[in-house]
Engineer: 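Have a look at the structure that comes next, please.
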Amino acid sequence: MAKMGSRKHLKRYKAPRNWPISPKENVWTVKPAAGPHSIEDSLSLLVVIRDILGLADNSREAKRIINTGKVLVDGRARKDYKYPVGFMDVVQIPSSEEVYRVLPDLKGRLTLHPISKENEGFKLCKITNKTTIKEGKTQLNLHDGRNVIVEESFSAGDVVSLKVPDQEITDNFKFEEGALVLITGGKHIGEIGIINEININKSSNPNTVVVENNKKENFLTLKDYAFVIGKDKPEISLPGGK
């Protein structure tokens, strides 16, 4: 992987391909700080405000908006202009009542998809790992860096519906055949489909799934790329009205 630049700066032409910014507009852009999402899979809050939403003409204006606490991510005001905003995060602009969810488009670029006020209070989080802690409770490690302690039984690969900012789990969507999934990587990124088959490899090769899209076509993708978004219908609104 090519180096992305220094600790503080990032040239636009070296930015990850999933950033929806033009490398020809300026030389430099703002690298996200270390946080809940990796640098490759997130956008800095300044880039979101200035380059994507167009709420500021320059970095000074964007920083002023952010510093005054006028931007919420997952229900909390974020005043660090380098704060990393990534997949499934909910971005709110209370002054204009605009609400967005971060989702990939069919080209793999991170986009801010407008959502209704009714959907701003929750996000879907994938369980990437779980560990047993004291008193027999379980700690779930979620894809956005959160750790949630539960008493119920959950499995890695499942997706939970999480209230934000309270972190209360309100629903659980199992990773299983028949589940509706959003593809988050590979050549089918951004596509929606139903899991028809789960292939667990006993070798070192990665596990895969067979997914059927809305055209009744099957394709193979990595298990890690399949993010459950519901059973019979999507639990979130998606680009294109899906």
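All heavy atoms count here, side chains included; hydrogens, waters and symmetry mates do not.
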Engineer: Hey, does the Lys NZ or Arg CZ of Lys174 hover above the aromatic six-ring of Phe154, less than 6.0 Å from the centre and inside 45° of the axis?
Structural biologist: no
Engineer: Take Asn141 and Lys130 through the test side chain to side chain contact (heavy atoms under 4.5 Å, CB included) and record every step on the way to the result.
Structural biologist: CA-CA 6 Å; Asn141 309 123; Lys130 64 176 186 176; 5.6 Å; no
Engineer: To the nearest 0.5 Å, what is the distance between CD (Glu212) and CD1 (Ile192)?
Structural biologist: 14.0 Å
Engineer: Is the distance between the ring centroids of Tyr225 and His188 under 6.0 Å?
Structural biologist: no
Engineer: Under the 6.0 Å and 45° cation-pi test, does Lys63 pair with Tyr81?
Structural biologist: yes
Engineer: How about Asn147 and Leu140: do any of their side-chain heavy atoms sit closer than 4.5 Å?
Structural biologist: no
Engineer: Looking at every heavy atom in both Ala226 and Val209, which two are closest together, and how far apart are they?
Structural biologist: CB-CG2, 4.1 Å
Engineer: In Å and rounded to the nearest 0.5 Å, what is the CD to CZ distance from Glu120 to Arg101?
Structural biologist: 10.0 Å
Engineer: Any idea which heavy atoms bring Pro84 and Ala33 closest together, and the distance?
Structural biologist: CG-O, 3.5 Å
Engineer: Over all heavy atoms of both residues, which pair between Ser237 and Ile115 is shortest? Give the atoms and the distance, please.
Structural biologist: OG-CG2, 3.3 Å
Engineer: State whether the number of non-hydrogen atoms from other residues, nucleotides or ligands found under 6.0 Å of Lys231 atom NZ is greater than 12.
Structural biologist: yes
Engineer: Spell out, as yes or no, whether a donor-acceptor pair under 3.5 Å connects the side chain of Asn58 to the backbone of Arg60.
Structural biologist: yes
Engineer: Crowded around Lys117 NZ? As in, over 12 foreign heavy atoms under 6.0 Å?
Structural biologist: yes
Engineer: Which distance, rounded to the nearest 0.5 Å, do you find between the CD of Glu61 and the CD1 of Ile49?
Structural biologist: 12.0 Å
Engineer: Ignoring hydrogens and geometry, is there a side-chain-to-backbone donor-acceptor pair from Asp51 to Val48 under 3.5 Å?
Structural biologist: no
Engineer: Can you name the closest pair of heavy atoms from Thr184 and Asp224 and give their distance?
Structural biologist: OG1-O, 4.1 Å
Engineer: Distance from Asn218 atom CG to Glu197 atom CD, nearest 0.5 Å?
Structural biologist: 9.0 Å
Engineer: Any link between Leu72 and Leu53 through a network of hydrophobic side chains (Ile, Leu, Val, Met, Phe, Trp, Tyr) touching at under 4.5 Å?
Structural biologist: no
Engineer: Any side-chain heavy atom of Val210 within less than 4.5 Å of one from Ile195?
Structural biologist: no
Engineer: What distance separates Ile200 CD1 from Thr208 OG1, expressed to the nearest 0.5 Å?
Structural biologist: 8.0 Å
Engineer: State, to 0.1 Å, how close Ala179 and Val228 come at their nearest heavy-atom pair, and which atoms those are.
Structural biologist: CB-CG1, 4.1 Å
Engineer: Decide, yes or no, whether a salt bridge links Asp144 with Arg146 under the criterion of side-chain N to carboxylate O below 4.0 Å.
Structural biologist: yes
Engineer: Provide the closest heavy-atom pair for Phe87 versus His143 in the form atom of the first, atom of the second, distance.
Structural biologist: O-NE2, 3.1 Å
Engineer: Would you say Asn199 and Asn207 are linked by a side-chain donor-acceptor pair, where the criterion is simply a distance under 3.5 Å?
Structural biologist: no
Engineer: How many angstroms lie between atom CD1 of Ile229 and atom CZ of Phe173, to the nearest 0.5 angstrom?
Structural biologist: 10.0 Å
Engineer: I'd like to know if Val99 and Leu45 are part of one continuous hydrophobic network [Ile/Leu/Val/Met/Phe/Trp/Tyr, side-chain heavy atoms within less than 4.5 Å].
Structural biologist: no
Engineer: Can you check side-chain hydrogen bond (donor to acceptor under 3.5 Å, both in side chains) on Asp105 and His113, steps first, answer last?
Structural biologist: CA-CA 9 Å; Asp105 66 11; His113 173 60; over 6 Å; no
Engineer: Carefully, step by step, assess Ile93 and Val71 under the rule side chain to side chain contact (heavy atoms under 4.5 Å, CB included).
Structural biologist: CA-CA 5 Å; Ile93 315 295; Val71 183; 4.1 Å; yes
Engineer: Please check if the number of heavy atoms outside Lys70 that lie under 6.0 Å from its NZ is greater than 12.
Structural biologist: no
Engineer: Got a sec: does the CD of Glu151 have more than 12 other heavy atoms crowding it under 6.0 Å?
Structural biologist: no
